[in-house]
S.K.: 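Before anything else, here's the structure in question.
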Amino acid sequence: MSEAKNISSVKRESCTGCGACMKSCPRNAIVFEDDEEGFPSPKILAEACVDCGLCRQVCPAITVPEKHGIQKAYAIQLTDPDALKKSTSGGFFTALSREIFARGGVVYGCVWDEKYNAVIRRAENEAETEPMRGSKYVWSWAGDTYPEIKKELESGRTILFTGLSCQVAGLKNYLRKRYDNLYTVGFLCGGSPSPYAFREYLKTITKNVPLDALDLKFRDKDAGGVGVHITYNTSKRRKCQTYISNPYYYAFYTKVTVRRSCFDCPYRYEQRVDDITFGDYWEVEKYHSEFDVSAGVSAVLVNTEKGAELFDALKSQLAFSEAKCREIAAANNLTLGETRKVHTVPGFRDAFFSELRNRGWEKASKKYLRNKRRLLLWIKTKTPKRLWAAVKRLR
Ligand SMILES: Cc1cc2nc3c(=O)[nH]c(=O)nc-3n(C[C@H](O)[C@H](O)[C@H](O)COP(=O)(O)OP(=O)(O)OC[C@H]3O[C@@H](n4cnc5c(N)ncnc54)[C@H](O)[C@@H]3O)c2cc1C
């Protein structure tokens with residue numbers, strides 16, 4: 001088997017785990033197994049591989065699909081207050097899905113499965129999108145949806161795929177054909193954390209509450225407004241912890257647990273693979289006083305003609321203003337310029353994962369995260385509010 005032809009030559013650091021290789025392989029010669037950081041990754045079954053090279057053609061770490069420059073940027077807020085409250089930021093996902101259902105289409109988005117794995121699933125109507133609302137800050141599995149989406153596209157159905165931009169790239173490579181009835185919508189993304197780290201963390205909060213009774217949410221507006229927090233039920237009460245006081249959130253926020261490929265992600269720049277990109281509009285109050293910021297505002301980037309057509313069609317559901325990419329990117333600690341910027345890998349990342357594997361979440365968290373969290377909390381209490389925003393950007 002030649003190393004040059006199949007994806008065994010893709011560096012582990014570059015694999016996004018999208019699943020396009022496995023789903024494309026005509027010989028079923030690729031399986032997914034957890035790597036040592038708990039990220040599902042491809043493994044080639046040498047005896048079945050015929051070196052056809054298709055896996056390399058569809059791999060978004062090797063073959064980057066066509067990209068588009070951002071045409072317009074917006075600050076938006078859904079005008080339906082009930083749905084807005086259930087959304088992570090400005091409720092753009094709800095506006096998108098309502099428009100797609102009005103066209104008789106189908107929506108793909110991320111839900112928790114019964115074991116609290118984040119997985120991309122399909123929804124036929126608004127009720128089925130309820131569990132898709134809310135950010136799940138953990139790496140999600142999209143691969144199983146690719147063949148299903150292809151089938152539906154071929155049958156003429158309108159499809160909205162919402163997911164990480166690397167998942168959009170995997171889908172586009174898998175399809176290997178442009179479909180007018182496919183709308184792709186990705187996120188502004190700071191990285192997706194290890195499902196293994198999440199499972200290990202869950203063990204620490206489900207000692208007295210079984211997993212099937214756990215109700216965990218990131219950034220639940222009912223619990224803590226539009227802040228950055230995690231809420232879950234214990235046997236006695238509902239707990240709400242900030243991204244500093246909660247070790248799992250802190251590890252995600254500081255990129256200790258995000259996938260290796262996220263540090264040098266080719267999908268987070270001004271040239272986009274998705275028709276529309278959306279995310280949080282942090283510090284929106286600096287630029288747009290017209291919104292009730294306490295209810296959440298999304299940043300939306302329209303990247304293609306098709307994206308512009310979809311955005312125009314759903315405008316009636318939104319309050320919106322034109323925005324500047326530079327301003328959206330600034331507070332988000334994201335790069336929307338053209339210069340490639342590699343995020344710094346935390347120096348203790350490997351040691352953290354090694355401790356996690358050998359001694360579990362509580363020990364790893366205590367050894368590598370506790371003092372840093374305490375220090376950050378101390379800095380936060382001593383720093384004036386205005387300066388704190390600048391300190392946060394140093395993460
Ligand atoms: C891992 C991750 C990292 C992110 N990083 C940033 C960031 O650095 N900056 C930023 O501005 N925004 C980021 N976002 C996006 C942000 O958290 C919100 O999801 C976004 O603003 C949606 O707002 P909403 O009110 O329209 O969404 P909601 O109505 O809450 O809908 C949530 C949407 O997120 C999707 N989703 C949720 N979890 C996942 C997941 N694990 N994988 C794939 N899709 C998922 C759902 O399918 C749905 O489309 C990130 C999202 C994820 C999942």
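Numbering of ligands and ligand atoms starts at 1, following listing order. Along the sequence shown, the residues carry numbers beginning at 1. Note: hydrogens, waters and symmetry copies are ignored here, and every other heavy atom, side chains too, is used.
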S.K.: Just jot down the ligand 1 atoms closer than 4.0 angstrom to any heavy atom of G91, in number order.
M.R.: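 The list of qualifying atoms is 24 (P), 25 (O), 26 (O).
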
S.K.: Is the closest N or O pair between G163 and ligand 1 shorter than 3.5 Å?
M.R.: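 No: no nitrogen or oxygen of G163 is under 3.5 Å from one in ligand 1.
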
S.K.: What residue among Y248, F187, F218 forms ring-ring contact (aromatic ring centres under 6.0 Å, His included) with Y137?
M.R.: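 When ring-ring contact (aromatic ring centres under 6.0 Å, His included) is applied between Y137 and each of Y248, F187, F218, only F218 qualifies.
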
S.K.: Have a look at ligand 1 and work out which part of V185, if any, has a heavy atom under 4.0 Å from it: side chain, backbone, both or neither.
M.R.: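 It is neither; nothing of V185 touches ligand 1.
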
S.K.: With heavy atoms only and a cut-off of under 4.0 Å, state how F93 meets ligand 1: side chain, backbone, both or neither.
M.R.: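 Both backbone and side chain of F93 come within 4.0 Å of ligand 1.
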
S.K.: Looking at F311, does the NZ or CZ of K72 lie under 6.0 angstrom from its six-membered ring centre and within 45 degrees of the ring axis?
M.R.: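 Judged by the rule, K72 and F311 form no cation-pi pair.
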
S.K.: Is there a heavy atom in K86 that sits closer than 4.0 Å to ligand 1?
M.R.: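 K86: no contact with ligand 1 (<4.0 Å).
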
S.K.: Counting each atom of ligand 1 from 1 as listed, which ones have a heavy atom of R219 under 4.0 Å away?
M.R.: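 Within the 4.0 Å cut-off of R219, ligand 1 contributes 17 (O).
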
S.K.: Taking the cut-offs as 6.0 angstrom to the six-membered ring centre and 45 degrees off its axis, would you call K151 and Y146 a cation-pi pair?
M.R.: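 Here K151 fails the 6.0 Å and 45° test against Y146.
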
S.K.: Considering only heavy atoms of G109, which atoms of ligand 1 have at least one such atom less than 4.0 Å away?
M.R.: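 Listed by number with element: 47 (O).
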
S.K.: Above 12 or not: heavy atoms from other molecules or residues under 6.0 Å from CG of D180?
M.R.: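 Atom CG in D180 is not packed in, count stays at 12 or less.
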
S.K.: So if I count the atoms of ligand 1 from 1 in the order they appear, which ones are less than 4.0 Å from some heavy atom of G90?
M.R.: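 Checking each atom against G90, I get 25 (O).
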
S.K.: For R27, I'd like to know if atom CZ has over 12 heavy atoms of other residues, nucleotides or ligands within 6.0 Å.
M.R.: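 Not more than 12 within 6.0 Å, no.
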
S.K.: Any idea which atoms of ligand 1 are less than 4.0 Å away from a heavy-atom of G190?
M.R.: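 With G190 as reference, the close atoms of ligand 1 come out as 5 (N), 6 (C), 7 (C), 8 (O).
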
S.K.: So if I count the atoms of ligand 1 from 1 in the order they appear, which ones are less than 4.0 Å from some heavy atom of T162?
M.R.: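 Near T162, meaning under 4.0 Å from one of its heavy atoms, ligand 1 has 47 (O), 49 (O).
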
S.K.: Is there any N or O on T88 that sits under 3.5 Å from an N or O of ligand 1?
M.R.: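 Yes, at least one N or O pair falls under 3.5 Å.
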
S.K.: Out of all atoms in ligand 1, which are within 4.0 Å of some heavy atom of V138? Include the element for each.
M.R.: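 So the answer, numbered in order with elements, is 41 (N).
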
S.K.: With heavy-atom distances below 4.5 Å as the criterion, would you say the side chains of I276 and L301 are in contact?
M.R.: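 When only atoms from C-beta onward are counted, L301 and I276 do not touch, as no gap falls below 4.5 Å.
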
S.K.: Do other residues, nucleotides or ligands put more than 12 heavy atoms under 6.0 Å from the NZ atom of K43?
M.R.: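 Result for NZ/K43: open.
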
S.K.: Under 3.5 Å between any N/O of Q167 and any N/O of ligand 1: does that happen in this structure?
M.R.: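 Between Q167 and ligand 1 (N or O atoms, distance only) the closest approach is not under 3.5 Å.
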
S.K.: List ligand 1 atoms under 4.0 Å from F92, heavy atoms only on the residue side.
M.R.: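 Result: 26 (O).
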
S.K.: Kindly identify the option in E130, K136, R133 whose heavy atom sits closest to atom 53 (C) of ligand 1.
M.R.: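 Comparing heavy atoms across E130, K136, R133, the nearest one to atom 53 (C) of ligand 1 lies in K136.
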
S.K.: Do other residues, nucleotides or ligands put more than 12 heavy atoms under 6.0 Å from the CZ atom of R359?
M.R.: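 Check fails, neighbour count at 12 or below.
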
S.K.: Using side-chain heavy atoms (C-beta onward) and a distance below 4.5 Å, is C110 in contact with S140?
M.R.: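 Sidechains of S140 and C110: in contact.
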
S.K.: Which of the listed options, W139, F187, W141, Y281, holds the heavy atom that is closest to atom 15 (C) of ligand 1?
M.R.: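 Ranked by closest heavy atom to atom 15 (C) of ligand 1, first place is F187.
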
S.K.: Would one find an N or O of C110, backbone or side chain, under 3.5 Å from an N or O of ligand 1?
M.R.: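 It does: an N or O of C110 is found under 3.5 Å from an N or O of ligand 1.
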
S.K.: Mark yes when over 12 heavy atoms from residues, nucleotides or ligands other than E305 sit less than 6.0 Å from its CD; otherwise mark no.
M.R.: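 No.
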
S.K.: Just to verify, which of W139, F252, W112 counts as forming a ring-ring contact (aromatic ring centres under 6.0 Å, His included) with F198?
M.R.: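 With F198 as partner, W139, F252, W112 yield a single ring-ring contact (aromatic ring centres under 6.0 Å, His included), made by W112.
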
S.K.: If we only consider heavy atoms of G191, is any one of them less than 4.0 Å away from an atom in ligand 1?
M.R.: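 It does; at least one heavy atom falls under 4.0 Å.
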
S.K.: For atom 2 (C) of ligand 1, tell me which residue out of Y137, F161, W282 has the closest non-hydrogen atom.
M.R.: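 Considering heavy atoms of Y137, F161, W282, the nearest to atom 2 (C) of ligand 1 sits in Y137.
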
S.K.: For residues F101 and T129, determine if any side-chain heavy atom of one lies less than 4.5 Å from a side-chain heavy atom of the other.
M.R.: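 A side-chain contact exists here, since the closest heavy-atom pair is under 4.5 Å.
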
